[in-house]
Amino acid sequence: MNFKFGPHPIHANEIFYASRLTFGLVNLKPVTPGHVLVIPRRVVPRFADLTELEANDMMKAAQRIGRIVEREYQGESLTITIQDGPAAGQTVPHVHIHIMPRHKGDWADNDDIYPEINRKERDMDKAFSRQHVDAEEERKPRSREDMGAEAARFRVFFKEFAVAEGGADIWD
């Protein structure tokens, strides 16, 4: 099967959560350890473009995934955000929810995480597009192997759910 995040191909081994309508996948360029994405299976650019079922399924997925990510990364809180459209910082034209475990003091000002998300979105789009990325950049795209290992770590928590919800077909 072929999967897409906007125009970019994603591999089944990068996906750790799957329902009939939604995927949870690891991030190519995470802002924090454990930073993951929730996307609808159907490629749609904006939140308003989702059907009611897709929107509900994405939010349920974000809640389930957030609970596990926070626990597994010993977070004290989560940042859960959607950048809905280019003016909001969205660079990949596929609606997605960022889930990031947070710890007290990880940013001097909590709102400083948002410019970082914007920067990483641009970097991720460049990396996906195989365009030149500045050599001075402190975070390089992760390898497919690293992403697969993290996804496998999370997949164990959701495999039974994926089977019950009709999403396990992606790993067949």
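These numbers come from a predicted model, not from an experiment. Each residue takes its place number in the sequence, starting with 1.
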Q | Approximate separation, where rounding is to 0.5 Å, of Arg41 CZ and Ser19 OG | A | 6.5 Å
Q) Just how far is it from atom NE2 of His98 to atom CG of Asn27, taken to the nearest 0.5 Å? A) 7.0 Å
(Q) Using modelled atom types and a 3.5 Å cut-off, is there a donor and acceptor pairing between side-chain atoms of Asn13 and backbone atoms of Gly148? (A) no
Q) Roughly how far apart are Leu78 CG and Met100 CE, rounded to 0.5 Å? A) 9.0 Å
**Q.** Same apolar cluster: Val43 and Ile10, side chain cutoff 4.5 Å
**A.** no
Q) Charged N to carboxylate O under 4.0 angstrom, Arg102 versus Glu76? A) no
**Q.** Within-4.5 Å side-chain heavy-atom neighbours: Ile39 and Thr22
**A.** no
Q. Less than 6.0 Å separating the ring centroids of Phe3 and Phe23?
A. yes
Q | Ion pair check, Glu150 and Arg142, cut-off under 4.0 Å | A | yes
Q: If the plane angle is over 60° it's perpendicular, under 30° parallel, otherwise tilted; pick one for Tyr17 and Phe158.
A: perpendicular
Q. When clusters are formed by joining ILVMFWY residues with side-chain heavy atoms under 4.5 Å apart, either directly or through shared neighbours, do Ile99 and Phe157 land in the same one?
A. yes
(Q) Under a 4.0 Å threshold between the charged nitrogen and the carboxylate oxygen, would Glu165 count as salt-bridged to Arg20? (A) no
Q. Does Pro45 reach the side chain of Val95, with side-chain heavy atoms less than 4.5 Å apart?
A. no
Q: For the residue pair Pro101 and Pro33, establish whether any side-chain heavy-atom pair is separated by less than 4.5 Å.
A: no
Q.
Any side-chain to backbone donor/acceptor pair from Gln63 onto Lys60? Under 3.5 Å, distance only.
A. no
Q: Examine Phe5 and Leu21 and state if one hydrophobic cluster contains both, with Ile, Leu, Val, Met, Phe, Trp and Tyr joined whenever side-chain heavy atoms are less than 4.5 Å apart.
A: no
Q: Kindly give the heavy-atom pair with the smallest separation between Val38 and Ala62, and that separation in Å.
A: CG2-CA, 4.2 Å
Q | Under 3.5 Å: donor-acceptor pair, side chain of His103, backbone of Tyr73 | A | yes
Q: State yes or no: do Val69 and Met59 share one hydrophobic cluster built from I, L, V, M, F, W and Y residues joined by side-chain heavy-atom distances below 4.5 Å, directly or via other members?
A: yes
Q) Donor-acceptor pair, Gln83 side chain versus Thr81 backbone, under 3.5 Å? A) no
Q.
Could you check whether His94 and His96 have their ring centres less than 6.0 Å apart?
A. no
(Q) Between Ile97 and Ile80, is there a side-chain heavy-atom distance shorter than 4.5 Å? (A) yes
Q) Does any non-hydrogen side-chain atom of Asn2 lie less than 4.5 Å from one of Pro9? A) no
Q.
Main chain of Gly85, side chain of Gln90: is a donor-acceptor contact present, judged purely on distance under 3.5 Å?
A. yes
**Q.** Interatomic spacing from CD1 in Ile170 to NE2 in His11 - rounded to 0.5 Å
**A.** 13.0 Å
Q) In terms of hydrophobic clusters joined by side-chain contacts under 4.5 Å, are Val44 and Leu53 together? A) no
Q.
Any non-hydrogen side-chain atom of Phe16 less than 4.5 Å from a side-chain atom of Val36?
A. yes
Q) Looking at CD1 of Ile82 and CG of Leu37, how far apart are the two atoms once the value is rounded to the nearest 0.5 Å? A) 11.5 Å
Q. Measuring from Asp49:CG to Arg42:CZ, what's the distance to the nearest 0.5 Å?
A. 7.5 Å
